[in-house]
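Naming convention: chains lettered A, B, ... in sequence-line order (proteins, then strands); numbering from 1 in each chain.
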There are 2 protein chains.
Amino acid sequence: MTNPMYRQIAEDLREQIESGGLPPGHQLRTELELREHYGASRNTVRDAIKWLTTLGLVETKPGQGTFVVSKINPYVTTLTADPKGPGGDIGPASDAVADETQNRIITSTDPQVEIQKAQASVARRLSITEGAQIISRHQRRYIDGTPWSLQTSFYPMEFVLKGASRLIQADDIQPGTVSYLAEALDLQQVGYRDLIKVRAPEVTEAIFFSLPQDGRVGVFEIFRTAFDQTYMPMRLTVTVFPTDRNEFIINVGDVPPFDPSTDDT
Amino acid sequence: MTNPMYRQIAEDLREQIESGGLPPGHQLRTELELREHYGASRNTVRDAIKWLTTLGLVETKPGQGTFVVSKINPYVTTLTADPKGPGGDIGPASDAVADETQNRIITSTDPQVEIQKAQASVARRLSITEGAQIISRHQRRYIDGTPWSLQTSFYPMEFVLKGASRLIQADDIQPGTVSYLAEALDLQQVGYRDLIKVRAPEVTEAIFFSLPQDGRVGVFEIFRTAFDQTYMPMRLTVTVFPTDRNEFIINVGDVPPFDPSTDDT
DNA sequence: GGGTATTTGTCCGTATGTATT
DNA sequence: AAATACATACGGACAAATACC
């Protein structure tokens, strides 16, 4: 019933970290020092550090050392907004925006517009046939300069043919795609549904967000399907957020405003 | 700039898995066979397998072998419900319940009731002083017999002193705590707010959910704060769900019912 | 139940490569 | 250029879990 040695070493280091003896950002002793301290081989010490790494407690930097990870101040996104407001996309539009309640600066790239064939998962959610032409509008978002989310909105190609030509321009649509589609096509967004899942990041996502290449930090994937007045899906927005720097809020009924200071742990 | 050998081996195995050549549940060749096949040492093969393990593609069983993981059919929980309905807790109450839209059987343990001192995070969310007496009601939930969530609701001790004595009984409160508190204390739940985050599981959670001891499968942690007609928090429910078997839905505005068949990937 | 073969898990020592300072 | 620290790779030995006879 006794634990293997590398786990005991990991436990010991873990207690030092969680008790605050080793604060975030602090450097651990080197592998050779730990090897002498615990009377184990260097490989066993490395097994202990690897364990702490997958637990997300430390990170190693070649040529420098092993460091206690510092927690990221999470950004909180509210998913329940007025369905007729600009709340089609998650988060604000392009350009710089200041979130005053959380005191953060949000920036977005201009949308990258592509014409694609609908993949199965997109087609199903938009109730169109697989392989049909769709418009894809992709944006990258940053908060305080660090990568925060990747967002892609899909619209049926039909919308452009019917006159909503701004959908295929690589510019921000002001004051919002919801009101633009309402006036251009008489499509009124009466509501939307979000589906939230967590999965391992793709390689490109891991690179963009600077996540470790192994999948130990997951990403939220949120599928937002917006519906028009005939209850048909009119837009699908897929947004990917790393789980290590994002939290979400859902308000139901009549609730007081959110106070960020009540959140931490 | 060439990849290390263990990553190349991992890449090769990964392609076999993702191409379908190695279907879920299938056993990989043994470490000794792979060692001969790739002309590497056993430890290098083990590094490759460890990499695939943290990617969540394979799992190893001592004495048996290494297997391709099979994806779990996720259970979908809707977070937006009528705030005045029974939707105080997330998911149904005790006893067995059939979810007909998803064709699943949900069971819960009887609540485990404790009187505790409020921790800082609980006190902040309930707007009470840290260390004040609170009631904790804890339940474990299963779907189709497998562990699905751990839920704890917190109420101020004051509620019992004012007459809501059923809160400290280790029984289900029918038809629901919302209506019970409404009639016993004239507390009307007018809304609630959910805060969703993802973190590594605690050790006890990893054991209950049969998650790997390292933290590579995270858990959703949902803090649901319910508010009464004076906009004061009246209840805090904390629920923990493994991310590998749970998804969530949020409906805003007027939307058609959810069709589980549109979900997969 | 016992014994044996198989398979993964742990631990060691050593050598060399690579990134950083 | 040199020193330092982590990364990769090898080979070997024994332990622990499981399956099978």
Side-chain angles (χ1 to χ4, degrees), chain A residues 1-14 17 22 25-69 206-207 210-216, chain B residues 1-14 17 22 25-69 206-207 210-216:
Chain A
M1 193 45 232
T2 142
N3 271 333
M5 190 188 304
Y6 80 96
R7 293 283 290 272
Q8 295 181 26
I9 296 174
E11 257 326 293
D12 189 66
L13 291 170
R14 178 190 192 142
I17 291 170
L22 292 171
H26 194 275
Q27 181 169 4
L28 268 66
R29 280 172 289 182
T30 69
E31 294 174 351
L32 295 189
E33 287 171 332
L34 292 172
R35 164 181 156 278
E36 298 210 351
H37 182 271
Y38 290 107
S41 83
R42 184 179 161 229
N43 278 329
T44 302
V45 169
R46 279 180 61 75
D47 283 344
I49 290 176
K50 187 164 229 165
W51 183 258
L52 294 176
T53 298
T54 77
L55 282 175
L57 291 176
V58 302
E59 60 187 346
T60 57
K61 300 181 184 174
Q64 301 183 54
T66 306
F67 301 85
V68 181
V69 298
I207 293 170
S210 299
L211 299 176
Q213 281 289 319
D214 60 19
R216 52 174 207 279
Chain B
M1 192 49 227
T2 141
N3 268 332
M5 189 189 302
Y6 80 97
R7 294 282 289 272
Q8 294 182 26
I9 296 174
E11 255 329 288
D12 189 67
L13 291 170
R14 177 190 192 141
I17 292 171
L22 292 171
H26 194 277
Q27 181 170 4
L28 269 65
R29 280 171 291 182
T30 69
E31 293 174 354
L32 294 188
E33 287 171 331
L34 292 172
R35 164 182 155 279
E36 298 211 351
H37 182 271
Y38 290 108
S41 80
R42 184 182 162 224
N43 277 326
T44 302
V45 168
R46 279 178 63 75
D47 282 345
I49 291 176
K50 186 164 231 164
W51 182 259
L52 294 175
T53 299
T54 77
L55 282 175
L57 291 175
V58 303
E59 61 186 345
T60 57
K61 298 181 184 175
Q64 299 183 59
T66 305
F67 301 84
V68 181
V69 297
I207 294 171
S210 299
L211 300 176
Q213 281 288 318
D214 61 19
R216 54 176 203 278

Problem - Protein-nucleotide distance (A:Gln213, atom CD; D:dA7, atom P), rounded to Å - result: 15 Å
Exercise for the section: Indicate yes or no: at least one non-hydrogen side-chain atom of A:Val68 is less than 4.5 angstrom from one of A:Leu28. Expected result: yes
Problem - Test log, rule side-chain contact (heavy atoms from CB on, under 4.5 Å), inputs B:Trp51 and A:Gln213 - result: CA-CA 10 Å; B:Trp51 182 259; A:Gln213 281 289 319; 3.8 Å; yes
Fill in the blank from the handout: Closest to the side chain of A:Ser41, out of C:dT10, C:dC12, D:dA5, is C:dC12
Exercise for the section: Take the protein atom CD of B:Glu31 and the nucleotide atom P of C:dT7, then report the distance between them rounded to whole Å. Expected result: 10 Å
Handout entry: Paired nucleotide for C:dT16 [Watson-Crick or G-U wobble; both distances under 3.5 Å]
Key = D:dA7
Exercise for the section: Answer yes or no: is there a donor N or O on one side and an acceptor on the other, between the side chain of A:Gln8 and the main chain of A:Asn3, under 3.5 Å? Expected result: yes
Problem - Atom pair CG (A:Asp214) and OG1 (A:Thr54), whose distance is rounded to the nearest 0.5 Å - result: 8.0 Å
Exercise for the section: Rounded to the nearest 0.5 Å, what's the gap from CG on A:Leu13 to CG on A:Leu34? Could you check? Expected result: 6.0 Å
Problem - B:Leu32 CG to C:dA5 P, straight-line distance once rounded to whole Å - result: 16 Å
Practice task
Hey, which sits more toward the 5' end of DNA chain C by its nearest nucleotide, A:Arg42 or B:Thr66?
Solution key: B:Thr66
Fill in the blank from the handout: In whole angstroms, the gap separating P of D:dA5 from CG of A:Asn43 amounts to 18 Å
Problem - side-chain N/O A:Gln64 vs D:dC6 OP1/OP2, d < 4.0 Å - result: no
Handout entry: Spacing between A:Lys50 atom NZ and C:dC11 atom C1', to the nearest angstrom
Key = 15 Å
Handout entry: N/O (side chain, B:Thr60) to phosphate O (OP1/OP2, C:dT7) under 4.0 Å
Key = no
Problem - Rounded distance (Å) that lies between atom C1' of D:dC14 and atom CE of A:Met5 - result: 13 Å
Practice task
Choose from C:dC12, D:dA9, C:dT7 the nucleotide whose nearest atom is closest to any side-chain atom of B:Thr30.
Solution key: C:dT7
Handout entry: Closest listed nucleotide, where the reference is the side chain of B:Pro62 and the choices are C:dT7, C:dG9, C:dT10
Key = C:dG9
Handout entry: Whichever of A:Val45 and A:Gly63 has its nearest DNA chain C nucleotide further upstream toward 5'
Key = A:Val45
Handout entry: Contact under 4.0 Å: A:Thr44 side-chain N or O vs C:dC12 OP1/OP2
Key = yes
Exercise for the section: Would you mind reading off the distance between B:Arg46 atom CZ and D:dA9 atom C1', rounded to a whole angstrom? Expected result: 14 Å
Exercise for the section: Specify the separation, in whole Å, of atom CD1 of B:Ile49 and atom P of C:dT8. Expected result: 7 Å
